[in-house]
Amino acid sequence: MFLKFKREVLKMLNVDERYVKESDHADLACTVAFKLAKEQKRSPQEIAEEIVAGLEPRDYVGCIEVVNGYINFFVSEEFLEDTINLILDEDYDYGSPKIKGEVLIEHTSANPDGPLHIGHIRNSIIGDTLTRIMKKAGLNVRTQYYVNDMGRQIAITALGYKRFGIDRTKKPDHAIVEAYIKMNKELEENPELEKEVEDLMIRYERGDEEAIKLFKDVVELALEGIKETLRKLNVQHDEFVWESEFVRNGYVDRILKMLDEKGLLKKDGAWIIDLSDLGYEKEVVVRRENGTTLYVTRDLAYHLWKNENFERFINVLGADHKLVGRQLQDILRLLGLKPPEIVFFEFVSLPEGSMSTRKGKFISADELIEKVYEEAKKIVEGREELKEEEKEHIARAVAIGALRFDFVKIAPEKPMVFDWRKALDFERQTASYIQYSHARCCSILRKAVESGMPDLDFRGDLCTPLERKLVVLLSKFSYVVLRVVNELKPNVFADYLLKVANAFNDFYRDHPVLKAESELRMHRLAIVDATRIVLRNGLELLGIEPLERM
RNA sequence: GGACCCGUAGCCUAGCUUGGAUAGGGCGUGGGCCUCCUAAGCCCAAGGUCGCGGGUUCAAAUCCCGCCGGGUCCGCCA
């Protein structure tokens, strides 16, 4: 709805979109008078007044005013009424800007050599939230986890698995990482074992059956555990795509042929791409002297496949992939292919330094989930009216919500230092604050039904300033969804939902709903129900369960 | 050495792409609010050289240059 209002304002003014912004002083504010002031050598105020003199409020534009050179626009009562009615009418479907397209999102893609740690889940949560928001926008989204099954670390894990076996009583990813850590230690002490690792990698790439069986066992065990963790976090993938597939299905050969035909390959024993013209110091090797391929080769092949099947493809990658990510994009461009859009996120580190799976220096996602759950359980215990089963369910939802929200609310480019004290703190400004606001809405509506007068009828003319502010916020849902789709910043949506919850609590404070009489009661019930729908749909987009009581 | 990212009150963070109206929030601190729709809530107060120095501009947290501090990356590894 807010998108419609913005379009009307833009049409009225007939100026470039960048001069019209959201503002604390108005629903939309225009700064074009400042720009014109310079050219025309007149005061912004004067110009703004002149512009406004030719404008007449109509439809969704209820009021136009000039202050200090700004042209301020306010929505009309009709806008407020249409907003609430649209929300109540569309219900679960509310909030979509209704755009179209085919999108692939690749995220998480952690090496299958152990459990996901708290750095990996930053990737998962950003990727999954982006997926949910893009689906909401109307796009057809497919998600993939790219399984690096051909890497050195998998060969090391496989060798460790073969030599020492694993503890079958443990969650499989946690059992696998023990073999990985142990084998790494072994390698440090006996460097001559390197040869075995290399042999194993070559045999796997060449299709040796025994090697394939071994790698498959190891990778599947790790993935089994990883999938369970992702399930707990409400993170969903449509497919797990194995890197080795691209060697076996011919895409690797095709991409090498394309590179060759474009004259990009320097064959000097190894096959090399020289990117110095683009400012890269080092050359990129895509085929070793021994004929085997490298990670980047298979990744190029993967992106050739993406080009053939999608209009838009997005990768969520850690900051350590920035250089290789940009090289990948540039090579694809040189081939005349579309490069992926990449969302880079900075590292999650521990107070004592960065994490390392190899050294066993990490906090696993499973451990974090359990600890946060225990903490949430303590708080829920205080609610005597709830049944034990319900308490556990609520604690689970609150824990996962807090966890997801903590990661998604921070802009991806910010480095994070993990802090147990903060992770286990359920104070406001987190998911539980939003869940709580949603539960409050539900509670009011439940009571309205019990007392037999649940009729809803929103009236623009009855709106107080706080109600007006809340409804304008509710109208921005699809506007914010569209922003996230364009800018790939899921934290913007988290921030939006927090603002809605905040505005609702302001409203809740001094607008009695159930005690109000007749038309005022119906009016406010409509606002509560619309807020409930927005909070519920919004929490859904963040992968957080909207609880009806807590 | 080169490249990229971050630097906003004691702590965390929004705003920076597209420069404009008193720099929003939260935690923590001090004070207040449950005969009233869930106090996982609300209100009030104190707390800021927007890392530092230049520049562009009528206007800079936002753009440009330099510096400082932190992180990351620069393998015929992934």
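Distances shorter than 4.0 Å separate none of the side-chain N or O atoms of A:Lys422 from OP1 or OP2 on B:C11. Look at A:Ser349 and you won't find any side-chain N or O under 4.0 angstrom from OP1 or OP2 of B:G71. For B:C36, neither phosphate oxygen OP1 nor OP2 lies less than 4.0 angstrom from any side-chain nitrogen or oxygen of A:Lys515. Within the structure, every side-chain polar atom (N or O) of A:Arg524 is placed at least 4.0 Å from both OP1 and OP2 of B:C37. Look at A:Tyr433 and you'll find a side-chain N or O under 4.0 angstrom from OP1 or OP2 of B:C42. Under 4.0 angstrom from either OP1 or OP2 of B:C12 there lies no side-chain N or O belonging to A:Arg421.
Using modelled atom types, one finds a donor on one side chain and an acceptor on the other under 3.5 Å when comparing A:Ser437 with A:Asn505. With no hydrogens or angles considered, no side-chain donor-acceptor pair links A:Thr297 and A:Arg287 at under 3.5 Å. Side-chain polar atoms of A:Asp113 and A:Thr157 form no donor-acceptor pair below 3.5 angstrom.
If you take CD1 of A:Ile273 and P of B:C76, they are 13 Å apart, rounded to a whole angstrom. Protein atom CD of A:Gln327 is 14 Å distant from nucleotide atom P of B:C4, rounded to whole Å. Rounded to whole Å, the distance from CE on A:Met150 to P on B:C76 is 18 Å. For A:Glu198 and B:G75, the CD to P distance is 17 Å, given to the nearest whole Å. Rounded to a whole Å, the CD atom of A:Glu413 is 16 Å from the P atom of B:C4. Put simply, NZ on A:Lys322 is 16 Å from C1' on B:G2, counting in whole angstrom units. Put simply, NZ on A:Lys409 is 16 Å from P on B:G25, counting in whole angstrom units. Straight-line distance from the CZ atom of A:Phe418 to the C1' atom of B:C11: 16 Å, rounded to whole Å.
Between B:U8 and B:G75, the two C1' atoms lie 39 Å apart (nearest whole Å). Annotation: B:C6 and B:U62 have their P atoms spaced 13 Å apart (nearest Å).
Using a 4.0 Å heavy-atom distance criterion, A:Asn111 is classed as a sugar-phosphate-only contact. Note on A:Tyr508: a base of the nucleic acid sits closer than 4.0 angstrom, heavy atoms only. Counting non-hydrogen atoms under 4.0 angstrom, A:Gln153 reaches the backbone sugars and phosphates but no base. Here A:His511 lies in heavy-atom contact (under 4.0 Å) with a base. Here A:Leu323 lies in heavy-atom contact (under 4.0 Å) with sugar-phosphate atoms only. Note on A:Val324: a base of the nucleic acid sits closer than 4.0 angstrom, heavy atoms only. A:Ile154 comes within contact range of no nucleotide atom at all, as no heavy-atom separation falls under 4.0 Å. The residue A:Tyr70 sits close to a base: some heavy atom pair falls under 4.0 Å. In this structure, A:Asp24 reaches neither bases nor backbone, as no heavy-atom distance under 4.0 Å exists between it and the strands shown. Across all strands, A:Arg358 comes closer than 4.0 Å to no nucleic acid atom at all (heavy-atom distances). Residue A:Ser23 is in base contact, counting any heavy-atom pair closer than 4.0 Å across all strands shown.
Between the side chain of A:Asn72 and the base of B:A21, at least one donor-acceptor pair of N or O atoms lies under 3.5 Å.
When each of B:C42, B:C74, B:A40 is scored by its nearest atom to the side-chain atoms of A:Asp506, the top-ranked nucleotide is B:C42. Distance from the side chain of A:Tyr295 is smallest for B:A78 among the nucleotides B:A78, B:A40, B:C37. Between B:G15, B:G20, B:C77, one nucleotide has an atom nearer to the side chain of A:Arg288 than all others, and that is B:C77.
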- Message: Quick one, A:Asn315 with A:His303, criterion side chain to side chain donor-acceptor pair (under 3.5 Å). Give me CA distance, side-chain angles, the key distance, then yes/no.
- Response: CA-CA 11 Å; A:Asn315 300 349; A:His303 284 86; 3.1 Å; yes

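Under a cutoff of 6.0 Å and an axis angle of 45°, A:Arg440 and A:Phe504 do not form a cation-pi pair.
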